[in-house]
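In the text below, chain A, chain B and the rest are named by the order of the sequence lines, each starting its count at 1.
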Protein chains: 2
Amino acid sequence: MKQITIKDVAEAAGVSKATASRVLSGHPATSPEARKAVEAAAGRLGFRPNAQARSLRNTRTQTIGLLLPDVRNPFFGDLAHAVEQRARSFGYMTLFGNANENVEQQDEYIDVMLSQRVDGVIAAPQGDGGNLSQLLRSGVPVVFVDRVLDSIKVPSVSPDNSTGIHDAVKHLTARGHRRIGYIAGPQSTSTGRERLRSYKEALAATGADTDADLIFLGDFQAASGAEGARTLLDLANPPTALLAADSLMSIGAVGVCNERGIAIGTDLAFVAHDDIDAFTLINPPLTVIAHDIDAMGRLAVDMLMSVIGGGSPASHTIPGRLIVRGSTPEFEKERQS
Amino acid sequence: MKQITIKDVAEAAGVSKATASRVLSGHPATSPEARKAVEAAAGRLGFRPNAQARSLRNTRTQTIGLLLPDVRNPFFGDLAHAVEQRARSFGYMTLFGNANENVEQQDEYIDVMLSQRVDGVIAAPQGDGGNLSQLLRSGVPVVFVDRVLDSIKVPSVSPDNSTGIHDAVKHLTARGHRRIGYIAGPQSTSTGRERLRSYKEALAATGADTDADLIFLGDFQAASGAEGARTLLDLANPPTALLAADSLMSIGAVGVCNERGIAIGTDLAFVAHDDIDAFTLINPPLTVIAHDIDAMGRLAVDMLMSVIGGGSPASHTIPGRLIVRGSTPEFEKERQS
DNA sequence: TTGTAAGCGTTATCAG
DNA sequence: CTGATAACGCTTACAA
């Protein structure tokens, strides 16, 4: 299984390595005959340039790293898709790293990406230490997506974590809800923190109840959403509406409601995050706070390309909007308390 | 932003490149002092070996390619996760390629992977031409996953596309259904073909109706599931039960039922494919035909490692099983026809 | 145990 | 327009 090198192509075409290289990389200074001979030989032999050798010579690998916390989260699945498609359009290959909501795996992947000499990294960072700081110090272009680190100024594209939640709370209070439970994301992430802050602000602004025990701190995984729902519904004075900070926790929470025979929409209002298809299938379909994930991914790539090109793009925020569906119905039944 | 090379480390440590290299790659013939000096220098300078240069010298890149049709399909999302985690445990990085259900993109990614000199490829193939045949001829170890090409013998791990469907049809006929509509996958994939064949066999075996128009040919995407549901429900003599060949088409189909106010479970029995969380949230939760995706991913990696090691592992089939939930209830209401 | 030197496959430079 | 040659960063005989 010997590799076919440019030398083989050159010999087969009866020219030098240099000429072969020029033809294959589209250099203008080549004669038509050389071009024909080389192209024919390359095709016949099935030549593939060795990307390793090439990027050892150049300093570009035409590869970007994408560091995500969890590929199975539909939000990040969609984001991965968007980033990958956009990167492809710039001729870049995407090296995915799945940190698995785990700082050590993130560190390992940063290590590998740095070793692979990726031309840039798009990351939804966890924590702010370990290899992350090395990555930032390394000089490799970096763009943060979804999450931000306050301590570090790096161009980022993040969701607007305020408007959607304010709208949701307003929407719920307008429907008579005063006890709105919140299943929060981890406070180690900017997204988790900002959404919780917005929730608190919104409660204050609307005059809804602000008991601390209406808040459950989850970790963006389904299991914690389930635990949150159980905890909140078991309160002596339980919430009449629930708001969850991401899609997986929403799934967990809705599952618990089903288990307990609590009818969403009639017994309990529910607002989820992220507009994933499955949420429209639930009966009633879920009201959600949605962000344009595709736009986030595209923008992150565009910004990274700009950084790679020497620019320093401004950070962006992707607006969130409330999509009202059946889980937060117009008319309220009697509420106790 | 100059790269720190092994030469810098060697100089800082006061040894030769060779010694530095030996220390850094754990070669036994090194003195304790050398080891200490080199490690200290490497740490201090933040040295990262250049993977390109390394794999140009060696012939291993410690990288495998994973070629999938669609990352946003939860089935492939889970599969990607499983493969990536398993590969990681072998010290391999996974290069994802998302063909986007599109042969040209698949070809491009095969090209890139070949150029990147991946040590092996795990693929859910589309079609059987283009660069796929070049990939197979190239001698790079390949394992197919989920889908198989009859024309080519390559080790593969695929779902059992028979048992689950037979069980599902038996289950439905036992509940009185005689008109079972089927939303099939594309006949260009082995999975699509085998599942359709099993459906037909199962109908014959149970004596259910076998009208050709109970079958709709979809493409594994949500939109075609919706179209399939519309088409089948609009039949003069519509089915009383629906079976869909993957999760995305199931989502599309259930969406149509909701739109039309057709109550799943009571008006129409429904069996989906793939045991995704969201299906348990739908009311009633969906009966599904499930495969152990994690096992598929792990096994594919294990097999690929075997091929890379010179072995020729046998192909495997992952059993499918029927998980009965509320969408195929015990008691039937009156059926027309 | 250590150092020197060759070579992996490409591309860029510099003469011709 | 073409060819010889050096260089990218690393590993590994081969010598010492």
Q) For A:Arg298 and A:Asp302, what are the C-alpha separation, side-chain angles and deciding distance, and is it a salt bridge (Lys or Arg N to Asp or Glu O under 4.0 Å)? A) CA-CA 6 Å; A:Arg298 280 199 312 270; A:Asp302 292 349; 6.0 Å; no
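- The nucleotide whose nearest atom lies closest to any side-chain atom of A:Ser31 is, among C:dT10, D:dC8, D:dT2, D:dT2.
- For the pair B:Arg35 CZ and C:dT2 C1', the interatomic distance rounds to 14 Å; values are reported in whole Å.
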Between A:Arg193 and A:Asp150, is a salt bridge (Lys or Arg N to Asp or Glu O under 4.0 Å) present by the stated rule, with each step listed?
CA-CA 11 Å; A:Arg193 283 194 304 276; A:Asp150 306 320; 3.3 Å; yes
When the side chains of residues 25-34 of chain B are checked against the rest of the protein, which donor-acceptor pairs come out under 3.5 Å, sequence neighbours left out?
from	atom 1	to	atom 2	distance (Å)
B:Ser25	OG	B:Ser21	O	2.7
B:Thr30	OG1	B:His27	O	3.4
B:Thr30	OG1	B:Arg35	NE	3.2
B:Ser31	OG	B:Ala34	N	3.1

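- A:Val142 has its side chain within reach of A:Leu135: a pair of non-hydrogen atoms, C-beta onward, lies under 4.5 Å apart.
- For DNA chain D, the neighbouring residues in residues 9-21 of chain B, judged by any heavy atom under 4.0 Å, are B:Lys17, B:Ala18, B:Ser21.
- Proximity note for B:Ala34 (side chain, C-beta onward) versus D:dC8, C:dT2, D:dC10: the nearest is C:dT2.
- Comparing B:Ala29 and B:Ala53 against DNA chain C, the residue whose closest nucleotide sits nearer the 5' end is B:Ala29.
- Comparing the local axis fitted to the first five base pairs of the helix from C:dT1-D:dA16 to C:dG16-D:dC1 with the one fitted to its last five gives a bend of 40°, rounded to 10°.
- Following rounding to the nearest Å, B:Gln52 (CD) and D:dA7 (C1') show an atom-to-atom distance of 16 Å.
- Side-chain proximity of B:Arg57 to the nucleotides C:dT2, D:dC1, C:dC8 is greatest for C:dC8.
- One side chain, A:Asn50 or A:Gln3, offers a donor N or O that lies under 3.5 Å from an acceptor on the other.
- Using a 3.5 Å distance cut-off with no hydrogens or angles, the side chains of B:Glu104 and B:Tyr109 do not pair a donor with an acceptor.
- One interatomic measurement links the two molecules: CZ of B:Arg60 to C1' of D:dT11, which rounds to 16 Å at whole-angstrom precision.
- Checking A:His81 against B:Asn100 by side-chain atom types alone, a donor-acceptor pair falls below 3.5 Å.
- Looking only at distances, no side-chain donor or acceptor of B:Thr94 sits under 3.5 Å from a matching main-chain atom of B:Phe96.
- The side chain of A:Asn58 has C:dA12 as its nearest neighbour among C:dA12, C:dT10, D:dC1.
- Looking at B:Gln105 and B:Asn98, their side chains never come closer than 4.5 Å, going by heavy atoms from C-beta outward.
- If you take CG of A:Leu56 and P of D:dC10, they are 9 Å apart, rounded to a whole angstrom.
- Taking atom CD1 of B:Ile6 as the reference point, atom C1' of C:dT4 lies 15 Å away to the nearest angstrom.
- Side-chain N/O atoms of A:Thr5 include none lying less than 4.0 angstrom from OP1 or OP2 on C:dC8.
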For this session: Under the salt bridge (Lys or Arg N to Asp or Glu O under 4.0 Å) rule, what do B:Lys17 and B:Asp8 come out as? Steps first, then yes or no, please.
Result: CA-CA 9 Å; B:Lys17 280 197 313 179; B:Asp8 301 320; over 6 Å; no
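- When heavy atoms are screened at a 4.0 angstrom cut-off, A:Ser55 is found touching no nucleic acid atom at all.
- What separates CD of A:Gln116 from P of D:dG9 is a distance of 16 Å, to the nearest Å.
- Phosphate proximity of D:dT11 to B:Arg54: present, with a side-chain N or O under 4.0 Å from OP1 or OP2.
- Protein atom NZ of A:Lys7 is 14 Å distant from nucleotide atom P of D:dT5, rounded to whole Å.
- Set against D:dT11, C:dT11, D:dT12, the side chain of B:Arg22 has D:dT12 as its closest nucleotide.
- One atom, NE2 of B:His27, and another, P of D:dA13, lie 9 Å apart when rounded to the nearest Å.
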